[in-house]
Amino acid sequence: EDQVTQSPEALRLQEGESSSLNCSYTVSGLRGLFWYRQDPGKGPEFLFTLYSAGEEKEKERLKATLTKKESFLHITAPKPEDSATYLCGGTSGSRLTFGEGTQLTVNP
Amino acid sequence: GAGVSQSPRYKVAKRGQDVALRCDPISGHVSLFWYQQALGQGPEFLTYFQNEAQLDKSGLPSDRFFAERPEGSVSTLKIQRTQQEDSAVYLCASSLSFHPTISYEQYFGPGTRLTVT
């Protein structure tokens with residue numbers, strides 16, 4: 001059974017203070033590791049897909065990386081507008097198995 | 001372009017009532033998914049369609065839950081005889097296509113928040 005675990009559950013940063021969010025996964029035959037951002041009252045917004053260990057993708061202040069057991073979402077010099085819940089999901093077929101998310105708060 | 005839309009956005013049902021939740025996927029997207037999200041949790045898979053075929057319904061929590069996509073576009077999730085534990089946000093997602101070895105990203109709608117009283 002696919003499992004995804006995210007840590008920490010909550011993270012509070014000062015504006016400009018870089019950090020990383022962790023996603024550990026047990027997905028046999030990984031066909032994609034996905035990162036989403038979710039704002040309160042909204043659906044998850046797609047950020048990145050990673051397919052193989054060693055792959056990296058960047059978008060503005062965010063960079064996602066993938067190893068054989070984990071994925072990291074690095075946030076460089078975050079701004080208050082980066083505050084949201086970040087979800088990680090993996091799949092070995094079609095359905096996504098999500099972690100419980102990391103709630104990020106960036107204070108000005 | 002237009003994203004995934006869902007209606008209604010909010011639904012309050014009395015215990016025992018039937019409800020129907022609608023999803024309009026992105027035009028041309030072959031795959032459609034339903035997820036259930038409890039407060040403070042990640043989304044949990046309910047069911048998956050490829051065109052009009054329901055290929056996986058293993059996540060549906062009971063036989064009170066039923067989903068359909070008769071013409072391969074709009075989908076409806078129906079919950080019969082609602083119970084308090086059905087209270088959650090129901091998310092719909094669509095994906096462009098299907099590939100035998102990789103999975104395409106899923107685009108989510110805003111969700112329907114169901115409250116059963």
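Proteins get letters first, then strands, A, B, ... in listed order; numbering begins at 1 in each.
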As an exercise: rank A:Pro44, A:Gly41, A:Ser92, A:Gly43 by heavy-atom pairs under 4.5 Å with chain B and give me the winner.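 Most heavy-atom pairs within the cutoff with chain B belong to A:Pro44.
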Does atom [atom1] of [X] have more than 12 heavy-atom neighbours from other groups under 6.0 Å away?
| X | atom1 | result |
| --- | --- | --- |
| A:Lys57 | NZ | yes |
| A:Glu81 | CD | yes |
| B:Gln54 | CD | yes |

So which residue, B:Pro110, B:Gly59, B:Ser95, ends up with the most heavy-atom pairs under 4.5 Å with chain A?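 Counting heavy-atom pairs under 4.5 Å, the top option is B:Pro110.
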Applying side-chain contact (heavy atoms from CB on, under 4.5 Å) to B:Gln106 and A:Phe46, what does each step give before you reach the verdict? CA-CA 7 Å; B:Gln106 298 177 21; A:Phe46 171 74; over 6 Å; no
Any residues in residues 10-47 of chain B near chain A, with a heavy-atom distance under 4.5 Å, and which are they? B:Phe33, B:Tyr35, B:Gln37, B:Gly40, B:Gln41, B:Gly42, B:Pro43, B:Phe45
Can you tell me how far apart CZ (B:Phe108) and NZ (A:Lys42) are? Round to the nearest 0.5 Å.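 NZ of A:Lys42 is found 16.0 Å from CZ of B:Phe108.
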Find the distance between OH (B:Tyr107) and OH (A:Tyr36) and round it off to the nearest 0.5 Å. 8.0 Å
State, yes or no, whether a side-chain contact exists between B:Tyr48 and A:Arg95 at a heavy-atom distance under 4.5 Å. no
Where on A:Thr49 is there a heavy atom nearer than 4.5 Å to chain B: the side chain, the backbone, both, or neither?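 The side chain, not the backbone.
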Shortest non-hydrogen separation from B:Glu105 to A:Tyr51 and the atoms involved: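 Closest approach of B:Glu105 to A:Tyr51, heavy atoms only: OE1-OH, 4.5 Å.
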